[in-house]
Amino acid sequence: MCEAKNNLSILVLISGKGSNLQAIIDAIERQELAVDIRAVISNRPEAAGLLRAKVANINHHCIDSKSFTHRNHFDQELIAIIDSYQPDLVVLAGFMRILSDEFVRRYHAKLINLHPSLLPKFKGLDTHQRALDAGEQQCGASIHFVTAELDGGPVFLQTRLNISKQDTASNLALRLSPFEHKLLVKALDMISKNKIRLDNKVLYCDNKVLLQPLQI
Ligand code: GRF
């Protein structure tokens, strides 16, 4: 993939299918997103997203988290690879691993996560089942800057979907997936255009304080 000067450079962390990574790759190829993917890193060797990176000719690495007994050692290895690419932003796109405080501090305001719920509701795992169990009318996905609190960093963009009586957790995940793709591409577009930034724990959109997440 050719790299233009001044584009936002990103590094994408994945653990699985990589459909969100693919959405970024496709948007770049359609020239709808002025972002360069410096590299993709998976913590799971079987992640299909690694193949997507290979096909798109993007640098890709696997650091198998199962082969580390200490969380910090895994994170140190991750930091070494990330820093060798010097990205402007690290993107957690289906990265199913909790990162250490040290890691989060190092990439403060340069680390975003896609989470499959309408945060602050349903932090953590099994978000769709928990939304169904709670009788929610809507589910959705959020993009937030990552802080030391799990899924607790400032949220700047969300997408939502009405839940119907027939919905199950798995079909909600399926229905939500194309919305997540648009959401992540939109978030990257906004950051690449300097529309969104986190400064001293405060979110700004177009240089005005953003008090509520934007909805798409
Ligand atoms: C997405 O649904 C995301 O919300 C969740 O994991 C999934 C990753 O999907 N955290 P993919 O690997 O990008 O296809």
Side-chain angles (χ1 to χ4, degrees), residues 10-29 33 35 37 39-56 58 60-66 78 89-99 103-104 107 111-132 136 138-147 149-163 167-189 191 213-216:
I10 65 169
L11 194 141
V12 184
L13 301 187
I14 60 164
S15 298
K17 279 203 316 280
S19 67
N20 286 283
L21 167 67
Q22 190 66 55
I24 303 171
I25 294 171
D26 293 346
I28 294 171
E29 279 176 357
L33 190 60
V35 160
I37 306 176
V40 171
I41 307 176
S42 170
N43 68 314
R44 292 187 185 151
E46 70 280 9
L50 283 171
L51 187 59
R52 295 178 192 270
K54 187 175 177 200
V55 168
I58 297 168
H60 51 284
H61 303 262
C62 176
I63 312 171
D64 188 351
S65 45
K66 288 205 185 100
L78 193 55
L89 185 75
V90 178
V91 180
L92 308 182
F95 187 67
M96 305 304 288
R97 198 178 156 83
I98 295 172
L99 294 159
F103 184 98
V104 171
Y107 301 106
L111 180 61
I112 61 167
N113 180 41
L114 163 66
H115 181 76
S117 80
L118 293 170
L119 290 171
K121 288 183 175 174
F122 311 118
K123 297 172 180 173
L125 297 173
D126 299 324
T127 54
H128 303 314
Q129 189 57 55
R130 286 159 59 211
L132 289 170
E136 295 288 327
Q138 289 192 316
C139 68
S142 306
I143 308 278
H144 65 95
F145 284 96
V146 178
T147 59
E149 188 198 340
L150 178 68
D151 300 325
V155 179
F156 61 91
L157 202 59
Q158 288 183 322
T159 185
R160 51 186 69 224
L161 205 65
N162 290 331
I163 297 179
D167 275 320
T168 60
S170 58
N171 98 292
L172 272 185
L174 213 61
R175 290 212 290 126
L176 192 61
S177 181
F179 292 90
E180 288 186 336
H181 299 163
K182 284 201 190 99
L183 187 75
L184 185 55
V185 168
K186 176 76 179 170
L188 291 174
D189 185 50
I191 295 173
L214 301 165
Q215 307 289 317
I216 64 164

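Quick note: residue numbers are just sequence positions, from 1. Numbering of ligands and ligand atoms starts at 1, following listing order.
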Around [atom], find the nearest protein heavy atom and jot down its residue, atom name and distance.
| atom | answer |
| --- | --- |
| atom 9 (O) of ligand 1 | Asn20 ND2, 3.5 Å |
| atom 12 (O) of ligand 1 | Gly18 N, 2.8 Å |
| atom 14 (O) of ligand 1 | Ser19 OG, 2.6 Å |
| atom 8 (C) of ligand 1 | Gly94 CA, 3.6 Å |

Donor-acceptor check, side chain of [X] to backbone of [Y], threshold 3.5 angstrom: yes or no?
| X | Y | value |
| --- | --- | --- |
| Arg160 | Gln138 | no |
| Thr159 | Gly140 | no |
| Ser42 | Leu50 | no |

Minimum-distance pair of heavy atoms, taken over all atoms of Lys123 and Arg130
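Scanning both residues, the minimum pair turns out to be O-NH1, 2.8 Å.
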
Give the minimum heavy-atom separation between Ala131 and Ile163, together with the two atoms involved.
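Where Ala131 meets Ile163 most closely, the heavy atoms are CB-CD1, 4.4 Å.
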
Mark the output for Gly49 as yes if a heavy-atom distance to ligand 1 is under 4.0 Å, and as no if none is.
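The answer is no, since Gly49 has no heavy atom less than 4.0 Å from ligand 1.
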
For atom 2 (O) of ligand 1, state which one of Glu180, Arg52, Met96 supplies the nearest heavy atom.
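It is Glu180 whose heavy atom sits nearest to atom 2 (O) of ligand 1.
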
Against heavy atoms of Pro116, which atoms of ligand 1 measure under 4.0 Å?
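Taking each heavy atom of Pro116 in turn, ligand 1 has 4 (O), 10 (N) under 4.0 Å.
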
Scan side-chain atoms only and decide if Thr127 and His115 contain a donor-acceptor pair under the 3.5 Å cut-off.
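Result is no, nothing qualifies.
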
